[in-house]
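Once you've had a glance at the structure underneath, I'll fire off some questions.
Chain letters run A, B, ... following the sequence lines, proteins first and then strands; every chain starts at 1.
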Protein chains: 2
Amino acid sequence: MTSFDVAKRAGVSQSTVARVFARPALVAEATRNRVSRAARELGYVPSAIAGGMRNQRSGLVGVVVPAQGEYWQSVISAFARQVGEGSRQLLVTTFRDVQAVEGAIQSISRYRLDGLVLASSTIGVGQISRLTQPNHAVVAFNQPAAAGIAPLVTVDNQGGAAALARHLIELGVKSAAFVGGVSSASTDQLRYRGAVEQFGAREISLPYIEAGSFTYDAGYKIGANLAEVGRIPDALVVAADEIAFGVIDGLRRHGVSVPGDVRVTGFDGVPQSAWEGYGLTTLVQPIEQMVASVLQLLSLSAVDQIVTIEGELRIANTTRGETSHG
Amino acid sequence: MTSFDVAKRAGVSQSTVARVFARPALVAEATRNRVSRAARELGYVPSAIAGGMRNQRSGLVGVVVPAQGEYWQSVISAFARQVGEGSRQLLVTTFRDVQAVEGAIQSISRYRLDGLVLASSTIGVGQISRLTQPNHAVVAFNQPAAAGIAPLVTVDNQGGAAALARHLIELGVKSAAFVGGVSSASTDQLRYRGAVEQFGAREISLPYIEAGSFTYDAGYKIGANLAEVGRIPDALVVAADEIAFGVIDGLRRHGVSVPGDVRVTGFDGVPQSAWEGYGLTTLVQPIEQMVASVLQLLSLSAVDQIVTIEGELRIANTTRGETSHG
DNA sequence: CAATCTTATGAATACGTAGTCACGATTTCC
DNA sequence: GGAAATCGTGACTACGTATTCATAAGATTG
């Protein structure tokens, strides 16, 4: 089913059929209707493959994201929504291991993407530079380490963590610990730095505890461990909501009350954090806005562009009430 | 950057370059290495666009999914993972309104998909038949109404709901209600039917309450309403986990204990249902297995194929303990 | 050593589109 | 009323690949 078939049925040339779909204003109304009807009857839709070939633009935006995690699923959804609103389509590639990223990007690059979005702070920076070649534009998403190599859109990790820390300090917290996901992740580092600076200014030390991954289970183990050991600080600053849910459940399972015995904060603002079952105080990332920025940046091509977007502190149950000190 | 550029650099013809990537065994090892190196140096990757044109197959699998909901996000992830394992790529399109589906499918069909997966029980059946044309294969996912029109992979909704109902009956439940999402959804209907048959056999009526959407908020309102009105049955069979989380929180907010005052079951088995904060008894859909089935079915082309996959009853906190009657 | 088979490569081609150019038919304008 | 501008359409082409066919060189066989 090609434009030639439609042309034959409508009694026009292929050129005219193509025009009807690409620049309808150039075709006389009568002809246009005739062609449209023929196309409808035959179930014809122009091939984006052939069109992409002709125009040197695929109409595809690719996004490379970690395979797991609430947060990333929200990000995928946001991209799907916003990309779909334009006339473009979204190609989604997920990866489990960082080693798999390279291959994933190669495969996806074959589609000569109009834009490629690299998400996840664990993608190696070295890999990025090689990819700008086959694709039209590359933008890094929440990957601070990519600054300078590719245009970057990121939430203000450090500022957000600082806001959370200040909130805890105002509550009268006298001791705290930071629960990170993976210490090599640049987001993890920035969030820790943001928190540690605030606590440090009040001469409160902030030990770093590494969960090992950004998952509920990893958090659960940390929570359970802390509860068993028994030396629980006034507050836990957790690097991500999903870890925080696990930490909270791990603590509660062992009889530690949140926020009674220990306040907990998250980061990301995934939907579940607003559910009353957890009511997690967190820093909400304005994902829709960040995604919109990414799509804008894809149109430009300033490699050194950095868009930092402020998150919003959302206070909920897990930091309600006074500390035992206050 | 085309195969001609690589050919020139390697001192061979374009044909040879193409062969190195498509059928390497046909090229002498020395030549192959020379070409590979040239390609690497130039950052060349064959264009899937041109290749798709030549081969009449895009290498793309499309999936059309509702824009919101934990469950659908998991489904997208599963598709991304499994499609990526092959040499194909995943095109994701989401929609908010059922009306938008038609347009979404049109746009996506332009890519001459090797396979198109239609997910969501709210996609109109009439729309399906029109789409088999431009795309190579169409499979419906969890959309029982599509049976006979397109190959279908679905969880056993009715059987799963029956299993949940029997579990509740064994606990000694004497009264119950069903909380549905959208009554016109075929999954909703089948789940209700599965539950109502079991309760009916014990002469327990099962009123249907419609939440209006498959969301936490819709569930929350139902839970809060029930608590305020005060006539709470022994058990609530909820059509989806996400609604159930809302129902539970809505009930608890108003002092109703789950599972103390009322047992609650969900459906889907989203990750959060296993988190201890809720510990929701639910019917776990083996999403990975279902997705694998879909990808298999895409290769065949038997329109009347129906694959029904059994879910797994997972019992957790929300149905623990005895009823006040038992 | 001649005849045949195998291996390695190159030339040519089709895939479906959207644009450029060319051309005839109107319409506009002085 | 004739020149010029406008409008509508068709013929032709390039986009980059993977394959088929042809061919040349090398290996194998009796």
Side-chain angles (χ1 to χ4, degrees), chain A residues 1-36 38-39 42-60 87 106-107 109-114 133-136, chain B residues 1-36 38-39 42-60 87 106-107 109-114 133-136:
Chain A
M1 188 52 43
T2 75
S3 50
F4 285 93
D5 300 307
V6 178
K8 189 190 260 182
R9 184 176 184 103
V12 298
S13 72
Q14 180 270 333
S15 310
T16 300
V17 176
R19 264 191 289 261
V20 167
F21 285 92
R23 310 175 63 182
L26 296 185
V27 180
E29 195 183 340
T31 315
R32 201 192 314 143
N33 292 336
R34 202 144 32 88
V35 171
S36 297
L42 294 173
Y44 169 80
V45 200
S47 160
I49 301 292
M53 175 102 135
R54 161 74 222 221
N55 293 331
Q56 306 290 77
R57 351 181 297 104
S58 61
L60 295 172
S87 56
Q106 281 246 341
S107 321
S109 293
R110 297 170 54 116
Y111 285 90
R112 301 291 129 94
L113 307 169
D114 290 356
Q133 283 193 347
N135 301 296
H136 289 249
Chain B
M1 188 50 45
T2 77
S3 49
F4 285 94
D5 300 307
V6 178
K8 190 189 258 179
R9 184 176 186 105
V12 298
S13 72
Q14 179 271 334
S15 312
T16 300
V17 175
R19 262 192 289 263
V20 167
F21 285 91
R23 311 174 62 181
L26 296 185
V27 180
E29 194 181 340
T31 316
R32 201 190 316 143
N33 292 337
R34 201 145 32 89
V35 170
S36 296
L42 294 174
Y44 168 79
V45 199
S47 160
I49 301 292
M53 175 101 135
R54 161 74 221 217
N55 293 331
Q56 306 289 75
R57 351 180 299 103
S58 61
L60 296 172
S87 55
Q106 281 246 339
S107 322
S109 291
R110 297 169 54 115
Y111 286 90
R112 300 295 187 265
L113 307 169
D114 291 355
Q133 282 193 349
N135 301 296
H136 288 250

Angle between terminal axes - the helix from dC1(C)-dG30(D) to dC30(C)-dG1(D), 5 pairs each end, rounded to 10°: 30°
Backbone of A10(A) reached by a side-chain donor or acceptor of R34(A) within 3.5 Å: yes
Sugar-phosphate only, base, or nothing, as touched by V17(B) at under 4.0 Å among non-hydrogen atoms: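 No contact at all - V17(B) keeps every heavy atom at 4.0 Å or more from the nucleic acid.
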Rounded interatomic separation in angstrom, taking CZ from R54(B) and C1' from dA12(C): 11 Å
Proximal nucleotide (of dC15(C), dA18(C), dG10(C)) relative to the S15(B) side chain: dG10(C)
Atom pair distance, as rounded to whole Å: CZ in F21(B) and P in dT9(C):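 F21(B) atom CZ is separated from dT9(C) atom P by 15 Å.
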Of E29(A) and T2(B), the one whose closest DNA chain D nucleotide lies more 5': E29(A)
Sugar-phosphate, base or nothing in reach of F4(A), heavy atoms under 4.0 Å: base
Short side-chain N/O contact from S3(A) to OP1 or OP2 of dT17(C), under 4.0 Å: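 Indeed, a polar side-chain atom of S3(A) lies that close.
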Closest contact, heavy atoms only, T31(A) versus V12(A): CG2-CG1, 3.8 Å
Atom-to-atom span, CZ of R112(B) to C1' of dG16(C) - whole angstrom: 9 Å
Value rounded to 0.5 Å, distance of OG in S58(A) from CZ in R110(A): 14.0 Å
Side-chain donor/acceptor of R19(B) to backbone N/O of V27(B), under 3.5 Å: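 Side chain of R19(B) to backbone of V27(B): no pair is present.
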Rounded interatomic separation in angstrom, taking NZ from K8(B) and P from dT9(C): 20 Å
Sugar-phosphate only, base, or nothing, as touched by A28(B) at under 4.0 Å among non-hydrogen atoms: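 Since only primed, P, OP1 and OP2 atoms lie under 4.0 Å of A28(B), the category is sugar-phosphate.
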From K8(B) atom NZ to T2(B) atom OG1, the distance as rounded to the nearest 0.5 Å: 9.5 Å
Distance flag, aromatic centroids of F21(A) and Y44(A), threshold under 6.0 Å: yes
Atom-to-atom span, CG of D5(A) to P of dG16(C) - whole angstrom: 9 Å
Spatial distance of atom CD (Q56(A)) from atom CG (D114(A)) [nearest 0.5 Å]: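 If we round to the nearest 0.5 Å, Q56(A):CD and D114(A):CG are 11.0 Å apart.
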N or O in side chain of Q56(B) less than 4.0 angstrom from dG16(C) OP1/OP2: yes
R19(B) (side chain) and dG10(C) (base): donor-acceptor pair under 3.5 Å: yes
Atom of R112(A), atom of M1(B) and distance for their closest heavy-atom approach: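 Minimum heavy-atom separation between R112(A) and M1(B): NH1-O, 4.1 Å.
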Donor-acceptor under 3.5 Å (S3(A) side chain, V17(A) main chain): no
Whole angstrom value for the distance that separates P of dA18(C) from CD1 of I49(B):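 About 13 Å, once rounded to whole Å.
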Nucleotide range of DNA chain D lying under 4.0 Å from chain A heavy atoms: dG8(D) to dG16(D)
5' precedence on DNA chain C between V12(B) and N55(B) (nearest-nucleotide basis): V12(B)
Rounded distance (Å) that lies between atom C1' of dA14(C) and atom CD of Q14(B):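 For the pair Q14(B) CD and dA14(C) C1', the rounded distance is 13 Å.
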Interatomic distance where CG belongs to L26(B) and P belongs to dT9(C) [whole Å]: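 It is 10 Å, rounded to the nearest whole Å.
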5′-ward residue of the pair R32(B)/A50(B) relative to DNA chain C: R32(B)
Side chains of N33(B) and E29(B) in contact at under 4.5 Å (non-hydrogen atoms):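 In short, these two side chains touch, coming nearer than 4.5 Å.
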